[in-house]
Amino acid sequence: MKAVQFHHYGGPEVLQLSTRVAKPSPDENQVLIRVMAAGVNPLDTYIRAGEFGEVALPHTIGWDTAGVVEAVGPGVERFSPGDRVYTMKTVTGGCAEFTVADQNYVGHLDQALSFEEGACVGIPYYTAYKALITLARARPGDNVLIHGASGGVGVAASQLAKAHGMKVNGTAGTDEGISFAKDNGCINVFNHRHRGYVNQLLDTTDGDGYDVIIEMAAHANMDSDVELMRRNGRTIIVGSAGEVKFSPLSTMLKENWFRGISVQTSSPEELVEFRNAIEAGQRSGWVRPKIGSSFPMQKAREAHKLLNSRKGAKGKIVITI
Ligand code: NAP
């Protein structure tokens, strides 16, 4: 079968389309999926660059996929051949004609969603749910800031917060990203590249601040997040691209807290909760992944280049198989 692989770590140029990869078969508790599309996440680029620990080489890229169940291994009862599904992690690599995934990381894909949309569900929506509901314990009526609302996780978090009756504001880095974030549930969206946007964000809460901040760029924003949180406000650190000079003193007066998240290390019980919530969300209609760009698997390098270099996010990048 065909698969997008790398044989050594490096930039997007190390990706290549291999044409003679052995088709995998499912073991106990595993599902074999005929892949139709694979989502591109920042995580894939960290793995490709060798920044996420060692992987066996050659390595087939991709965690998020959508497709159709081809066969199931012993112990799998939730899925049958022909089911439409998505994954948030695979065993053999997602950007391939077939992949094998542990059933814990597979969910049903509603007919209302295309396979390309389904490939954008796994990591972004599970992360958004874990950040907002499991860790931050956000509630209806809360003031929520999605700090980076134009990308994969930001879109999912905005849709989730709106669907749960929260008051959602966001940020993006371009005019296009701003209108895009508004289309996905944010009431007010400001440009995180403009001076003064922190005051504008505060003004929209009448100076009270935010109950919850979902933070995609903690290296840039931790200081201002303290300013933006109300008393007992919670910031969930989803993304960070570097170190930060920060005074812990600033968290004391309002008893704010910061908490990191790792969706990759979620427990089996958490995965069940995320999956049930996201399946219900597909049915009720709030799970609506947004695709910014789509590439065929022959152009996987271009997909990774775009993720590494785009000046303004507008939803997800997907690779069609
Ligand atoms: P993405 O689609 O590339 O989106 C990145 C987002 O960050 C965009 O909305 C971008 O806005 C925004 N951003 C850039 N500079 C910013 C700044 N100074 N302040 C606030 N926002 C800023 O990536 P993603 O899939 O949404 O992932 C976001 C981050 O979370 C990445 O670092 C990823 O590695 C991480 N992540 C972590 C977990 C976890 O478990 N911890 C899970 C998933 C993702 P513009 O492009 O419009 O400027």
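Ligands are counted one by one from 1 in listed order, and the atoms in each one are counted from 1 as well. Quick note: residue numbers are just sequence positions, from 1. Heavy-atom basis, side chains included; hydrogens, waters and symmetry copies ignored.
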Legend entry - Ala313 contact mode with ligand 1 (heavy-atom cut-off under 4.0 Å): both

Inset, instruction - Using a 4.0 Å heavy-atom threshold (strictly under), name the region of Asn221 that reaches ligand 1: side chain, backbone, both or neither. - result: side chain

Legend entry - Leu145 vs Thr171 side-chain heavy atoms within contact, under 4.5 Å: yes

Which atoms of ligand 1 sit under 4.0 Å from any heavy atom of [X]?
X: Ser150; value: 8 (C), 9 (O), 10 (C), 11 (O), 45 (P), 47 (O)
X: Ile123; value: 43 (C)
X: His147; value: 20 (C), 21 (N)
X: Gly148; value: 9 (O), 12 (C), 21 (N)
X: Arg193; value: 48 (O)
X: Gly173; value: 45 (P), 47 (O), 48 (O)
X: Tyr46; value: 31 (C), 32 (O), 33 (C), 34 (O)

Which residue and heavy atom of the protein sit nearest [atom], plus the separation:
atom: atom 41 (N) of ligand 1; result: Ile261 O, 2.8 Å
atom: atom 26 (O) of ligand 1; result: Val153 N, 2.9 Å
atom: atom 18 (N) of ligand 1; result: Ala220 CB, 3.9 Å
atom: atom 42 (C) of ligand 1; result: Thr127 OG1, 3.3 Å
atom: atom 4 (O) of ligand 1; result: Gly151 CA, 3.4 Å
atom: atom 7 (O) of ligand 1; result: Met216 CB, 3.7 Å

Legend entry - Minimal non-hydrogen separation, Met229 against Trp257, with atom names: SD-O, 4.1 Å

Inset, instruction - Could you tell me which non-hydrogen atom of His108 sits nearest to which non-hydrogen atom of Asp83, and how far apart they are? - result: NE2-OD2, 3.5 Å

Report the member of [options] with the shortest heavy-atom distance to [atom].
atom: atom 3 (O) of ligand 1; options: Met88, Arg310, Gln264; result: Arg310
atom: atom 25 (O) of ligand 1; options: Gly292, Pro42, Ser266, Gly39; result: Pro42
atom: atom 40 (O) of ligand 1; options: Leu306, Asp64, Val263; result: Val263
atom: atom 30 (O) of ligand 1; options: Ile236, Val238, Leu307; result: Val238
atom: atom 21 (N) of ligand 1; options: Glu176, His192, Lys311, Glu215; result: His192

Legend entry - Hphob cluster co-occupancy, Ile321 + Leu32, side-chain heavy atoms under 4.5 angstrom: no

Inset, instruction - Please confirm whether Ala217 comes within less than 3.5 Å of ligand 1 when only nitrogen or oxygen atoms on both sides are compared. - result: no

Inset, instruction - Please determine if Gly152 has a nitrogen or oxygen closer than 3.5 Å to a nitrogen or oxygen of ligand 1. - result: yes

Legend entry - Derivation and outcome, side chain to side chain donor-acceptor pair (under 3.5 Å), residues Ser18 and Gln5: CA-CA 7 Å; Ser18 306; Gln5 297 189 315; 2.8 Å; yes

Inset, instruction - Return the orientation label for the Tyr125 and Trp286 ring planes: parallel under 30°, perpendicular over 60°, tilted otherwise. - result: tilted

Legend entry - Plane angle bin for Phe6 and His59 - parallel if under 30°, tilted between 30 and 60°, otherwise perpendicular: tilted

Legend entry - Thr204/Asn169 under side chain to side chain donor-acceptor pair (under 3.5 Å): CA gap, chis, key distance, verdict: CA-CA 8 Å; Thr204 61; Asn169 290 329; 3.0 Å; yes

Inset, instruction - Tell me yes or no: between the side chains of Ser150 and Lys314, is some donor less than 3.5 Å from an acceptor? - result: no

Inset, instruction - Indicate whether the side chain of Asn41 and that of Asp64 have a donor and an acceptor atom separated by less than 3.5 Å. - result: yes

Inset, instruction - Give a yes/no verdict on a cation-pi contact between Arg230 and Tyr210, requiring under 6.0 Å between NZ or CZ and the six-membered ring centre and an angle within 45° of the axis. - result: no

Inset, instruction - To the nearest 0.5 angstrom, please state how far the CD1 atom of Ile33 sits from the OG1 atom of Thr99. - result: 6.5 Å

Legend entry - Lys/Arg N to Asp/Glu carboxylate O, Glu13 vs Arg301, below 4.0 Å: no

Legend entry - Check ion pair Glu97-Arg34 (N to O, under 4.0 angstrom): no

Legend entry - Heavy-atom gap Pro124 to ligand 1 smaller than 4.0 Å: no

